Amino acid sequence: MIDQKTIERINELYRKSQAEGLTKEELAEQSRLRWDYINAIKANLRSNLETIKIQQPDGTLIDVKKRHDEKYGKQNDAN
């Protein structure tokens, strides 16, 4: 989970990179924080997608995650 403090630090490093440049340590920190942010966004999106249910014309609900797991099995978990 990314908190507001982390987002502020990402923005601070970005502004500094535009104004004067970053040290090697700051570049490494910026890269790590960005990857943490991206991974948090991916996890949030995956969580949201896994809760989707589609209503068929006959009124039945299809659980998208369950259908995906049945169709593709566990092969995508390794990727």
Side-chain angles (χ1 to χ4, degrees):
M1 181 82 178
I2 299 295
D3 59 2
Q4 189 60 36
K5 184 178 176 182
T6 303
I7 293 171
E8 289 170 5
R9 181 64 179 154
I10 291 170
N11 291 334
E12 177 184 331
L13 289 170
Y14 170 75
R15 286 190 294 276
K16 184 176 179 190
S17 74
Q18 296 299 306
E20 60 194 71
L22 299 174
T23 65
K24 285 184 179 183
E25 293 81 17
E26 289 171 330
L27 282 170
E29 178 187 9
Q30 182 184 44
S31 178
R32 182 184 53 79
L33 290 172
R34 284 180 172 174
W35 277 111
D36 289 348
Y37 181 78
I38 289 168
N39 288 333
I41 295 295
K42 286 179 183 179
N44 188 335
L45 178 60
R46 180 175 299 275
S47 169
N48 287 333
L49 291 174
E50 288 178 349
T51 62
I52 292 176
K53 298 195 185 328
I54 299 174
Q55 185 172 4
Q56 297 295 310
D58 66 359
T60 59
L61 292 176
I62 294 175
D63 184 326
V64 174
K65 181 180 183 331
K66 186 176 180 181
R67 183 169 183 208
H68 178 269
D69 290 346
E70 288 170 356
K71 186 172 181 179
Y72 296 104
K74 297 293 181 180
Q75 70 187 27
N76 285 341
D77 289 344
N79 293 337

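What you are looking at is a predicted structure, and each value in this text was computed from that prediction instead of being measured.
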Between Glu12 and Arg9, does any side-chain N to carboxylate O distance fall below 4.0 Å? yes
Between Asp63 and Arg67, is there a salt bridge with N-O shorter than 4.0 Å? no
Among side-chain atoms of Thr6 and Asp3, is any donor-acceptor pair under 3.5 angstrom? yes
Could you tell me the separation between the CD1 atom of Ile62 and the CD1 atom of Ile52, rounded to the nearest 0.5 Å? 13.0 Å
Heavy-atom count around Lys66 NZ within 6.0 Å, excluding the residue itself: above 12? no
Ser31 side-chain N/O to Ala28 backbone N/O, donor-acceptor pair under 3.5 Å: no
Reported CD1-to-CZ distance for the pair Ile41 and Arg46, which is rounded to 0.5 angstrom: 14.0 Å
If two hydrophobic side chains count as joined below 4.5 Å and joins carry through other members, does Ile7 share a cluster with Leu13? yes
Non-hydrogen side-chain atoms of Gln30 and Leu22 separated by less than 4.5 Å: yes
Drop me the distance from Asn39's CG to Lys42's NZ, to the nearest 0.5 angstrom. 5.5 Å
Any side-chain heavy-atom pair of Glu8 and Gln4 under 4.5 Å: yes
For the backbone of Ala40 and the side chain of Asn44, can you confirm whether one donor and one acceptor N or O come within less than 3.5 Å of each other? no
Would a hydrophobic clustering, with Ile, Leu, Val, Met, Phe, Trp and Tyr connected at side-chain separations under 4.5 Å, put Tyr72 with Leu45? no
Can you check whether Ser47's main-chain N or O pairs, donor with acceptor, with Glu50's side chain at less than 3.5 Å? no
Supply the atom-to-atom distance His68 NE2 to Leu49 CG, rounded to the nearest 0.5 angstrom. 10.5 Å
State, yes or no, whether a side-chain contact exists between Arg34 and Tyr14 at a heavy-atom distance under 4.5 Å. yes
With rounding to the nearest 0.5 Å, note down the distance linking CG in Asp36 to CD1 in Ile10. 8.0 Å
